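Every value quoted in this text rests on a predicted model; they were computed, and no experiment measured them. In what follows, every chain begins at residue 1, and chains take the letters A, B, ... in the order their sequences are listed.
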There are 2 protein chains.
Amino acid sequence: MSSQVIITTVNVNGLRAASGKGYVEWLAQTEADVVCLQEVRAEPGQLAAEVVEPAGWHVLWAPSTTAKGRAGVAVLSRQEPQRMKVGFGSDEFDGSGRYAEIDLPGVTVASLYLPSGEVGTPRQDEKERFMAEFLDHLKRLRERAAEQGREVVVCGDWNIAHREADLKNWKANQKKAGFLPEERAWLSRVLDELGYVDTVRSLHPDAVGPYSWWSYRGRAFDQDSGWRIDYVVTTPGLAARATTGVVERANSHPERWSDHAPVTVTFDWTPPLS
Amino acid sequence: MSSQVIITTVNVNGLRAASGKGYVEWLAQTEADVVCLQEVRAEPGQLAAEVVEPAGWHVLWAPSTTAKGRAGVAVLSRQEPQRMKVGFGSDEFDGSGRYAEIDLPGVTVASLYLPSGEVGTPRQDEKERFMAEFLDHLKRLRERAAEQGREVVVCGDWNIAHREADLKNWKANQKKAGFLPEERAWLSRVLDELGYVDTVRSLHPDAVGPYSWWSYRGRAFDQDSGWRIDYVVTTPGLAARATTGVVERANSHPERWSDHAPVTVTFDWTPPLS
DNA sequence: CCTAGAACG
DNA sequence: CGTTATAGG
């Protein structure tokens, strides 16, 4: 006997705004067991009760304590977590609302919102510092998982398109933050060196996209002029059990409620009993 | 034979917003000959063509050059002005979008947006400095008008309620900016000492109000919990010809398009031919 | 082109 | 409780 585990990640671009535009309905109909949110941009106290404590879910909130109304991640799980943690042990970033993780039986699930930047700005420097520190964390996470015989899922908005197939117009974007050689190389290290797997790409090795973010500017969404920057990254054992990986391009709802779409991966996997 | 001159003043609280909510329709139907606007909060280049150059009107724009998106006054006239001037000769305030005047045959019409403040803040100090300087200007304006045999109309948002009948709850507001003893005394000097006339009050000496501003907070408008702070102030010769003075409480339109309402005064007056 | 805080009223 | 500018994306 085996069962399914479904994990979804979505950058909501302001949960207060998203809640009024379809997020609530989307959550009510999702079949996911775990949902990772990024860019919540609110503290729990600023959200409606049905959003803070949705019926049937346990939620770990990790708003930014350093900059109000920015960043902020959360992890929703139908099962009660065995352990919850905000931040990854970084003095600079633990209060910035960019990382939270929960342990469920046999698996650690994390929600990541990697900084975005523009070339030549302090934000890009911050992104690079984050990447350097976070690589170490990913390494430790694998080691701990191996010791404990558990799997790892790190999902979220990585703000990097890995390969040419991961964005619409790669040639024009080679010097743009999010597709810089050093950013792509860093993501390669996460995958090749640390041994994590980009599940959606693994399931669709030859696909263009599927993109998960489209700028609000111009007609990017209508023309599918997007980037694939939201990933469900897992340890190899779990990746081998991934059966489907889809981008919910229509957000499962008539109107868009974020500039990102949910990315959902299904695993044919039976967690241990405790 | 005699004819009518109609003058209206209204604080639009952001002309871009107001234009989308009923200002355009209101202007199209007004019978005024001159319209003075305050709190335009935009430069002409930020406004739609029909708003910048409404058909049948000459317009003097005086946006704030010191603080984008703040203050800003304008004077619209059906007749072409003989002379236009921005500011009243103040180093501190001439670029702040708070005063503009035009000469029409026999009459000078000015649009004034007096600073608003809160007790104990630098804004209140600014208001007081403005008042001091502007009193001198009003004096010179009368002298010049007398020399040239012309009348003067200074209309706008004076941000002062003069008497107890000029605001809903005067007792609770005695220590609030806009109804301070020194502000009321200053307005008394404008009227009693310089000899200007508050035309609407002169026409309705015993009325409560009529208020011209209602806070957007709470149910102030529905409860008519307002202040009369928008005045059409004129030289006595013209004031004697004022026949009606009304606040267009419904903005002459189904929905409110500003927190102020237009104040319109009609004069039974025939201007000289040139 | 959006979201959000913040200044100002 | 609005309008607007600005940061951030």
Does the pair [X]/[Y] count as a salt bridge with the N-to-O cut at 4.0 Å?
| X | Y | value |
| --- | --- | --- |
| A/Glu92 | A/Arg129 | yes |
| A/Arg217 | A/Asp259 | no |
| A/Glu183 | A/Lys127 | yes |

Spacing of [X] atom [atom1] relative to [N] atom [atom2], expressed in whole Å:
| X | N | atom1 | atom2 | result |
| --- | --- | --- | --- | --- |
| B/Asn13 | C/dG9 | CG | C1' | 8 Å |
| A/His260 | C/dC2 | NE2 | P | 14 Å |
| B/Gln124 | C/dG9 | CD | P | 11 Å |
| A/Phe130 | D/dG9 | CZ | P | 13 Å |
| B/Lys127 | C/dG9 | NZ | P | 10 Å |
| B/Arg70 | D/dG2 | CZ | C1' | 13 Å |
| A/Trp214 | C/dC2 | CH2 | P | 15 Å |
| A/Tyr113 | C/dA4 | OH | P | 13 Å |

Determine: side-chain N/O of [X] to OP1/OP2 of [N], distance under 4.0 Å, yes or no.
| X | N | answer |
| --- | --- | --- |
| B/Arg16 | D/dT3 | no |
| A/Lys21 | C/dC2 | no |
| A/Arg123 | D/dG9 | yes |

Original post:
Quick check: are there more than 12 heavy atoms from other residues, nucleotides or ligands sitting under 6.0 Å from CG of B/Asp91?
Top reply: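 Count not over threshold, so no.
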
Let's see if you can work this out: which of [options] has an atom nearest to the side-chain heavy atoms of [X]?
| X | options | value |
| --- | --- | --- |
| B/Lys68 | C/dC1, D/dT6, C/dT3 | D/dT6 |
| A/Arg98 | D/dG9, C/dT3, C/dC8 | D/dG9 |
| A/Ser116 | D/dT3, D/dG9, C/dT3 | D/dG9 |

Subject >> side-chain contact (heavy atoms from CB on, under 4.5 Å) partners of B/Glu164, counting only residues at least two apart >> reply: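 Only B/Trp170, B/Phe179, B/Arg184 meet the side-chain contact (heavy atoms from CB on, under 4.5 Å) criterion with B/Glu164.
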
Subject >> Pairwise 5' ranking along DNA chain C for A/Tyr216 and A/Ala18, keeping only the more 5' one >> reply: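 Its nucleotide being nearer the 5' end, the pick is A/Tyr216.
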
**OP:** On DNA chain C, check which nucleotide each of B/Asp259 and A/Gln46 is closest to and give me the residue with the more 5' one.
**Re:**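 Result of the comparison: A/Gln46.
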
**OP:** Classify the side chain of A/Arg217 and the base of D/dG9 as holding, or not holding, a donor-acceptor pair under 3.5 Å.
**Re:**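 Counting by modelled atom types and ignoring angles, a donor-acceptor contact under 3.5 Å is found here.
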
Subject >> No-H, no-angle donor-acceptor pair, B/Arg41 side chain to D/dT4 base, under 3.5 Å >> reply: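 Not at all, since no donor on one side and acceptor on the other fall under 3.5 Å apart.
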
Original post:
Is the shortest heavy-atom distance from the side chain of B/Glu248 to the side chain of B/Thr264 under 4.5 Å?
Top reply: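 Yes; the side chains approach each other to less than 4.5 Å.
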
Could you check whether [X] gets within reach of a base, just the sugar-phosphate, or nothing at all, counting any heavy atom under 4.0 Å?
| X | answer |
| --- | --- |
| A/Ile229 | nothing |
| B/Phe221 | nothing |
| B/Gln38 | nothing |
| A/Glu118 | nothing |

